[in-house]
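Worksheet: one structure, shown below.
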There are 2 protein chains.
Amino acid sequence: MTEATRRERLRAETEREIRQAARALLVENGRDAVTLRAIARKLGITAPALYRYYDSHDALLRQLCDDICADMAAALYADLAADTSGEVGCQVRAVCHAFRRWALAHPQEFALVFASPRDPIGADQFGSVFLQLAGQLIASNLVATHADDDVPEVLHEDLVRFQQVLVDAVSEHGVTIGDDVLNLGKIYHVVQSWVRLYGHVALEVFGRFPFAVSNPEPMFDSMLDQMLTDIGFAENE
Amino acid sequence: MTEATRRERLRAETEREIRQAARALLVENGRDAVTLRAIARKLGITAPALYRYYDSHDALLRQLCDDICADMAAALYADLAADTSGEVGCQVRAVCHAFRRWALAHPQEFALVFASPRDPIGADQFGSVFLQLAGQLIASNLVATHADDDVPEVLHEDLVRFQQVLVDAVSEHGVTIGDDVLNLGKIYHVVQSWVRLYGHVALEVFGRFPFAVSNPEPMFDSMLDQMLTDIGFAENE
DNA sequence: AACTCTTGTAAACACCGTTCACTGAAACCG
DNA sequence: CGGTTTCAGTGAACGGTGTTTACAAGAGTT
């Protein structure tokens with residue numbers, strides 16, 4: 001049944017507890033509270049024992065980032081699955097709402113993963129749900145066509161690279177799409193949508209709107225409507 | 001001449017050195033390197049002496065944030081003054097470019113001020129240049145009119161509050177504007193512009209675009225063009 | 001039973017924020 | 001001027017941190 005030896009099972013269990021303790025500390029008291037000694041204290045062991053599992057405090061924090069990304073992706077996929085409309089527009093809306101909801105419910109995690117001047121994030125974890133959905137969105141012909149020459153020549157190189165990333169992400173889920181439905185104009189709008197989605201959510205989480213917003217949700221909805229209109233959806237789908 | 005006593009001058013000088021040392025540590029080695037003992041070491045004094053100037057490490061960090069905001073505002077105003085076109089559209093472009101340039105040149109400062117889940121930032125410092133310029137922008141009739149009923153009813157309350165903030169910010173500089181030129185539709189677009197500007201800059205600083213962008217500047221320019229178009233300027237002014 | 005590998009410990013080092021009793025000199029005042 | 005107050009700065013200490021090292025003790029293997 002369990003291929004793993006007793007020792008391997010114990011080790012895996014301890015590792016799980018370490019991650020769990022680190023996560024709890026982050027949520028409860030912020031990044032600076034994620035301390036080797038605090039984690040060890042939660043497990044009833046001593047700090048140096050953690051070095052049997054992670055090379056350094058920094059490595060543990062990186063692992064924590066990965067875990068957070070995985071959890072967020074799971075939450076987003078769950079909210080996406082809950083949408084039974086079958087309409088891509090509704091699905092986009094659902095995922096964007098899910099992203100905002102997750103960020104507001106997990107500000108410390110959001111700050112650690114999305115607003116740290118660190119090495120680039122694990123792309124496998126991070127945006128796979130976004131990429132997957134963006135690919136579907138583009139593949140569906142609901143999106144208005146944007147001619148390639150709408151986007152400046154200098155952007156082509158980067159957008160072609162992103163095009164490849166999208167094709168790979170979608171094909172990983174078994175769907176293949178042609179270059180004709182995935183032109184650079186559409187891709188450019190996906191990037192612009194990410195800018196606005198991230199911008200709004202980060203401003204809200206960090207409280208950096210230029211005035212006190214008492215009712216941010218309709219403002220988000222309004223931004224989303226505009227975004228979906230710009231990207232080629234009718235405002236009321 | 002100098003009203004201050006000798007002691008007061010020495011104290012002011014030391015305080016200046018403390019801020020300078022803290023800033024240097026932040027720039028060189030990140031937020032976690034801004035340590036009371038490290039600052040004291042740079043000044044050739046001991047750590048407890050710093051408690052004669054700041055109540056705690058946290059208070060010192062807050063002061064650091066204020067200094068950063070002041071410096072950023074100065075940089076933005078400088079780039080604004082360098083624009084001699086007299087066209088508000090060019091001025092907006094200049095300030096947005098200045099903001100991006102400053103953020104990329106000062107990633108640690110940007111992260112500390114704009115992406116920390118802390119108490120709301122000192123509004124006096126932070127966006128005064130944005131507010132000032134946004135006020136001018138709105139006051140100028142170059143901006144296309146957006147009817148008030150374009151924006152959802154639920155947003156009115158918050159936008160009216162922001163309207164007041166803008167009027168105050170502008171009037172502080174001696175300019176008074178009427179309610180007719182500063183309607184809610186325009187204000188809404190200012191907020192949306194801030195979302196996009198902040199979103200792009202933060203994504204670039206933190207490296208969180210969904211693909212490796214080799215040439216971010218034209219992408220920023222492109223976003224800016226779109227933003228100015230949406231806000232009511234012609235793409236080529 | 002002997003041996004190795006693994007997981008944990010305890011002690012130590014250097015660093016951190018913070019407090020407290022103290023010093024010495026500048027500033028003030030009669 | 002002499003006495004007193006004010007205050008920047010010190011040194012020692014406390015409890016906290018990441019990390020290394022030497023060591024113990026149990027699990028797995030032969």
Side-chain angles (χ1 to χ4, degrees), chain A residues 1-65 108 112 116 118-119, chain B residues 1-65 108 112 116 118-119:
Chain A
M1 210 71 2
T2 52
E3 283 285 349
T5 67
R6 171 180 146 83
R7 217 156 35 191
E8 279 166 339
R9 268 186 294 110
L10 284 180
R11 182 180 179 83
E13 173 64 15
T14 304
E15 195 164 355
R16 211 186 52 81
E17 285 179 24
I18 292 173
R19 296 181 184 198
Q20 180 180 315
R23 187 65 162 281
L25 287 165
L26 175 68
V27 170
E28 289 161 17
N29 296 312
R31 205 198 84 137
D32 293 351
V34 184
T35 279
L36 289 186
R37 289 182 142 98
I39 295 171
R41 235 176 281 132
K42 281 213 174 201
L43 299 208
I45 61 178
T46 60
L50 295 173
Y51 281 82
R52 302 291 175 194
Y53 298 86
Y54 295 95
D55 285 344
S56 68
H57 180 241
D58 207 62
L60 198 151
L61 272 192
R62 268 193 295 274
Q63 170 71 69
L64 183 55
C65 281
Q108 302 285 0
L112 185 65
S116 297
R118 320 179 106 261
D119 35 54
Chain B
M1 210 70 1
T2 51
E3 283 285 350
T5 67
R6 172 180 146 84
R7 242 206 315 233
E8 278 168 337
R9 267 185 294 111
L10 285 180
R11 183 180 178 85
E13 172 65 14
T14 304
E15 195 164 353
R16 212 186 53 81
E17 285 178 24
I18 293 174
R19 296 181 184 197
Q20 181 180 314
R23 187 68 161 278
L25 286 166
L26 174 68
V27 170
E28 288 160 18
N29 297 312
R31 205 198 85 136
D32 294 350
V34 184
T35 279
L36 290 186
R37 289 184 142 97
I39 295 171
R41 237 176 279 131
K42 281 212 174 203
L43 299 207
I45 61 178
T46 60
L50 294 174
Y51 282 81
R52 302 289 175 192
Y53 298 86
Y54 295 96
D55 285 343
S56 67
H57 180 242
D58 207 62
L60 198 150
L61 273 191
R62 267 194 295 275
Q63 169 71 76
L64 182 55
C65 281
Q108 302 286 0
L112 184 64
S116 297
R118 320 179 106 259
D119 36 54

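Below, chains carry the letters A, B, ... as their sequence lines are ordered, and counting in each starts from 1.
Remark: B:D32 pairs with A:R31 by the side-chain hydrogen bond (donor to acceptor under 3.5 Å, both in side chains) rule, at least two apart or across chains.
A:I18 contributes atom CD1, which lies 12.0 Å from atom CG of A:L64 (distance to the nearest 0.5 angstrom). Taking OG from B:S56 and CG from B:L50, the interatomic distance works out to 11.5 Å, rounded to the nearest 0.5 Å. Taking CD1 from A:I39 and CZ from A:R37, the interatomic distance works out to 12.5 Å, rounded to the nearest 0.5 Å.
Residue A:I45 contributes atom CD1, which lies 18 Å from atom P of D:dG26 at whole-angstrom precision. To the nearest angstrom, C1' of D:dT19 lies 13 Å from CG of A:D58. Regarding B:E8, its CD atom lies at a distance of 11 Å from the P atom of D:dA8, rounded to whole Å. A:R9 has its CZ atom 13 Å from the C1' atom of D:dA27, to the nearest Å. Rounded to a whole Å, the CZ atom of A:R37 is 7 Å from the P atom of D:dG18. Counting to the nearest Å, the P atom of D:dG16 and the CG atom of A:D32 are 17 Å from each other.
In terms of heavy atoms, B:A47 sits closest to B:A40 at N-CB, 3.6 Å. A:A38 and A:A33 make their closest contact through CB-O, 4.0 Å (heavy atoms, listed as atom of the first residue, atom of the second, distance). Considering all non-hydrogen atoms of both residues, B:I45 and B:A49 come closest at CD1-CB, 4.0 Å.
By the 4.5 Å heavy-atom criterion applied to side chains, A:V34 and A:L112 are not counted as neighbours. Between B:L25 and B:T35, the closest side-chain pair of non-hydrogen atoms is not below 4.5 Å.
Applying the side-chain hydrogen bond (donor to acceptor under 3.5 Å, both in side chains) test to every pair with at least one member in residues 11-28 of chain B, sequence neighbours left out, gives these pairs: B:E13-B:R16, B:R16-B:Q20, B:R19-B:Q63, B:R19-B:D67, B:R23-B:D71, B:R23-B:E109. The side-chain hydrogen bond (donor to acceptor under 3.5 Å, both in side chains) pairs that include a residue from residues 39-53 of chain B number zero, where partners must be two or more places apart or lie in different chains.
Between B:R11 and D:dA8 there is a side-chain polar atom (N or O) within less than 4.0 angstrom of OP1 or OP2.
Comparing B:T46 and A:A38 by the nucleotide of DNA chain D that holds the closest heavy atom to each, the one mapping nearer the 5' end is B:T46.
Residues from residues 12-20 of chain A placing a heavy atom under 4.0 Å of any atom in DNA chain C do not occur. Contacts between residues 49-57 of chain A and DNA chain D, defined by a heavy-atom separation under 4.0 Å, are made by A:Y51, A:S56, A:H57.
Nucleotides of DNA chain C with any atom under 4.0 Å from a heavy atom of chain B span, from 5' to 3', C:dC15 to C:dA27.
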